[in-house]
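Here is the structure we will look at.
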Amino acid sequence: MASFTALYSGSSGNAALIQEKAGSLCVDMGKNCKTTLAALSQAGVEPGSLQGILVTHEHVDHVSGLRVFLKRYPVPVYASGKTLESLLYRQLVPPGAKLCVLEEQKTAIGPFAVTAFPTSHDAADCHGFRIQAESGGTLALATDLGCVTEPVYQNLRGADLVVLEANYDAAMLQQGPYPAYLKARIASSRGHLCNTDTAAALAKLLQEGCQRFALCHLSSENNTPERALQTVTRAFLEKGALPGKDGLLVALRRHCVSPTLAF
């Protein structure tokens with residue numbers, strides 16, 4: 001059985017570990033190398049044993065630890081061609097880093113088959129990932145997206161574990177201290193996903209048979225785990241389902257390693 005462990009998740013940094021007996025992958029590395037190494041150690045993983053690092057996009061909260069980490073541990077980096085170009089142009093990876101273009105088709109990386117799919121975000125070429133483990137389980141992860149497009153939804157369907165962004169509560173964003181331009185950027189179709197949109201997508205997936213869900217990339221200023229969980233729980237209850245009885249629903253931790261979830 002494979003597992004998913006969020007090393008940290010939120011507007012201040014994102015990274016996750018995906019493990020199977022035959023190997024492991026990291027998704028993003030958005031805090032400094034020291035923090036990431038400590039989190040990997042807590043998860044019981046030797047950094048150099050990673051078989052790849054999947055990068056969703058080039059924004060700092062997803063790649064800020066990448067350059068220093070790769071200098072010490074030359075692990076292959078997988079991302080879309082445009083994302084890799086951006087990493088190189090902005091010198092976010094060291095010279096000579098092993099960069100592998102990840103297409104929107106199944107790619108074998110260690111014991112995993114990885115499929116990238118586009119998400120709507122104001123980055124060079126943001127992608128989510130659908131990951132099938134050798135043991136048979138499937139994980140689908142979509143973070144940093146302003147709306148759930150049809151390609152996103154189709155890649156979330158049928159997954160044993162769905163990890164989806166619940167970045168902001170609409171009322172908290174509008175009443176908060178951010179300047180108008182930043183509020184507009186976050187709430188746009190190429191910004192981030194609000195709790196209500198996340199809840200609607202997950203409730204639909206629940207009706208189609210998905211039972212395990214994790215909420216990722218919560219904003220520290222415009223959301224709380226309690227608000228996000230309450231909004232999704234309400235949507236589940238409206239469909240006649242009770243989280244905990246009819247499935248699993250958790251919010252990933254912002255600054256520390258979250259409990260491991262099997263898929």
Transitively linked via ILVMFWY side-chain contacts under 4.5 Å: M29 with L70? yes
Sequence neighbours excluded, the answer for side-chain hydrogen bond (donor to acceptor under 3.5 Å, both in side chains) partners of T138 is none
Of all heavy-atom pairs linking S12 and H255, the shortest is OG-CE1, 3.3 Å
So, do C216 and N14 sit near enough that their side-chain heavy atoms are less than 4.5 Å apart? no
- Sub-4.5 Å side-chain heavy-atom contact between S220 and R254: yes
| task | Please step through side chain to side chain contact (heavy atoms under 4.5 Å, CB included) for the pair L92 and R67, ending with a clear verdict. | result | CA-CA 5 Å; L92 295 169; R67 182 179 175 88; 5.7 Å; no
Hydrophobic cluster membership, with links at side-chain heavy-atom distances under 4.5 Å among I/L/V/M/F/W/Y: are V152 and V162 in one? yes
Here the pair of heavy atoms bringing L161 nearest to A214 is CD1-N, 4.5 Å
Q. Taking C-beta and beyond as the side chain, do L215 and V250 meet within less than 4.5 Å on heavy atoms?
A. no
Criterion side chain to side chain contact (heavy atoms under 4.5 Å, CB included) on L102 and T107, from CA distance to verdict:
CA-CA 7 Å; L102 194 59; T107 300; 3.5 Å; yes
Quick note, side-chain hydrogen bond (donor to acceptor under 3.5 Å, both in side chains) partners involving residues 76-88, not counting sequence neighbours, are S80-T83, S80-D125
Rounded to the nearest 0.5 angstrom, the CG-SG distance for N222 and C194 is 11.5 Å
Value for CD (Q51) from CD1 (I18), rounded to nearest 0.5 Å, stands at 12.0 Å
Is the shortest heavy-atom distance from the side chain of P111 to the side chain of K21 under 4.5 Å? no
> Does the side chain of F4 reach to within under 4.5 Å of the side chain of L252, using non-hydrogen atoms?
Replying inline: yes
Checking D61, T36, T35 against Y8 for side chain to side chain donor-acceptor pair (under 3.5 Å), the one that qualifies is T36
Single-linkage hydrophobic cluster, 4.5 Å side-chain cutoff, V77 and L88 together: yes
Q) Which class fits the ring pair H121 and H57: parallel under 30°, tilted 30 to 60°, perpendicular over 60°? A) perpendicular
Are any of the side-chain heavy atoms of L40 and L17 separated by less than 4.5 Å? yes
- Message: Is there a continuous path of hydrophobic side-chain contacts, each under 4.5 Å between heavy atoms, that joins V163 to V257?
- Response: no
Exactly one candidate in L54, T56, D144, L7 meets side-chain contact (heavy atoms from CB on, under 4.5 Å) with D28; the answer is T56
- Item | Note, L25 side chain near F112 side chain (heavy atom, < 4.5 Å) | yes
For the residue pair N167 and N223, establish whether any side-chain heavy-atom pair is separated by less than 4.5 Å. no
Regarding Q154 and R157, is there a side-chain donor-to-acceptor distance under 3.5 Å anywhere?
-> yes
Q174 meets the side chain to side chain contact (heavy atoms under 4.5 Å, CB included) criterion, sequence neighbours left out, with K183
- request: Say whether V63 and Y73 are linked into one hydrophobic cluster, either directly or through other cluster members, by side-chain heavy-atom distances under 4.5 angstrom.
  value: yes
